[in-house]
Amino acid sequence: MKDIIIAIDGYSSSGKSTMARQLAAAIGYAYIDSGAMYRAVTLHAMRQGMISPDGTLDTQALTRALPHIAIDFRVPQGETASHTYLNDTDVEQEIRTMAVSAHVSPVAAVPDVRHALTEMMRRYGLRRRIVMDGRDIGTTVFPDAEMKIFVDASPQERARRRHAELIAKGNTDTSYEEVLQNIRQRDHIDRTRSESPLRQAPDAIILNNDNLTPDAQAAWLLEKYRQIADA
Ligand code: DC
């Protein structure tokens, strides 16, 4: 089997991270969540007061701070999954909050932020053997990745899953329609930003998981990996 890079791109709430994490565990590769890196930079900007209460980002201050932001992934003692660390502190919980989700889009649209994080991501791929998920992994970060998957699921199906997740976590205040609207809005921002917009790489394999069970999807991915790494 060859050592390869696996890039999984797609829309928000399409199940990318779950499938990337599972595949990495199944084949003994490292899993890198590139969205977590954008979230960690956003958290740093929030903590340093670079985002005003009306949501305006001080782009210059953030650009100046970039050399002082270190992000890495470690498995904390007693845990099995890796956590995101920002300047040596575990921020895995904090980067998933609604507050960070609300501010991450403008941060991810800043070209200097994208360049710095793209460099960091490429260092993870130096020895290949990684599964990385995001929006521009197969197009910009690793255009030479041997396996590229573009995950496509309808906004309705993604909203249905996300809404069910919220209900399961006890959040009954958000309606399906609100979730659907938020997903459509994020799709629009991801697709239309000028720097590295979400688009399918010409050599990506499309995975539409509207009608696939998680097990069928995992088996499909493993099969694709074997075909590519064995060739
Ligand atoms: O996948 P996620 O929701 O955790 O991503 C968080 C944000 O980061 C989202 O607004 C899109 C952005 N992102 C990006 O622009 N490029 C990536 N490779 C990964 C995420």
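In each ligand, atom 1 is the first atom listed, and ligand 1 is the first ligand listed. Keep in mind that this is a model prediction, so the values were computed, not measured.
- Side-chain contact check for D215 and T213: no donor-acceptor pair (N or O, by modelled atom type) lies under 3.5 Å.
- Between R128 and D144 there is a salt bridge, with a side-chain nitrogen of the basic residue lying less than 4.0 Å from a carboxylate oxygen of the acidic one.
- Other residues, nucleotides and ligands contribute more than 12 heavy atoms inside 6.0 Å of the CD atom of E119.
- Among all protein heavy atoms, the one lying closest to atom 20 (C) of ligand 1 is G35 CA, 3.6 Å.
- Ion pairing between D33 and K16 fails under the 4.0 Å rule for side-chain N and carboxylate O.
- Polar contact check, D190 against ligand 1: no nitrogen or oxygen pair lies under 3.5 Å apart.
- In terms of polar-atom proximity, defined here as any N/O pair under 3.5 Å, S34 does make such a contact with ligand 1.
- Residue S105 has at least one heavy-atom neighbour below 4.0 Å for each of these atoms of ligand 1: 10 (O).
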Walk me through it: do I69 and L86 pass the test side chain to side chain contact (heavy atoms under 4.5 Å, CB included)?
CA-CA 7 Å; I69 301 178; L86 168 64; 3.6 Å; yes
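- Taking any N or O of D136, backbone or side chain, at least one lies under 3.5 Å from an N or O belonging to ligand 1.
- What sits closest to atom 16 (N) of ligand 1 on the protein, heavy atoms only, is R114 NH2, 3.0 Å.
- At a 4.0 Å heavy-atom cut-off, ligand 1 does not touch E195 at all.
- Contacts between A108 and ligand 1 below 4.0 angstrom, taking non-hydrogen atoms only, involve the side chain exclusively.
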Evaluate S13 against I183 for side chain to side chain contact (heavy atoms under 4.5 Å, CB included), listing each step before the verdict.
CA-CA 8 Å; S13 305; I183 280 185; 4.1 Å; yes
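- Each of the atoms 3 (O) of ligand 1 lies under 4.0 Å from some heavy atom of R186.
- Proximity of M121 to ligand 1 is not established, as no heavy-atom distance is less than 4.0 Å.
- Distance from atom 8 (O) of ligand 1 to its nearest protein heavy atom, with residue and atom name: Y38 CB, 3.6 Å.
- By the 4.0 Å heavy-atom criterion, M37 is excluded from the residues contacting ligand 1.
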Compile the donor-acceptor pairs under 3.5 Å between side chains in residues 220-231 and protein atoms, sequence neighbours left out, one pair per line.
{"residue": "E223", "atom": "OE2", "partner": "Q227", "partner atom": "NE2", "Å": "3.3"}

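- When only interatomic distances are considered, the shortest N/O to N/O separation between R193 and ligand 1 falls below 3.5 Å.
- A salt bridge links R96 with E92: the closest approach of a Lys/Arg side-chain nitrogen to an acidic carboxylate oxygen falls below 4.0 angstrom.
- A continuous path of Ile, Leu, Val, Met, Phe, Trp and Tyr side chains, each step under 4.5 Å between heavy atoms, connects V91 with V113, placing both in one hydrophobic cluster.
- Of the candidates K16, R96, R135, M132, the one placing a heavy atom closest to atom 11 (C) of ligand 1 is R135.
- Looking only at heavy atoms of the protein, atom 4 (O) of ligand 1 is closest to R39 NE, 2.7 Å.
- With no hydrogens or angles considered, a side-chain donor-acceptor pair links S175 and E178 at under 3.5 Å.
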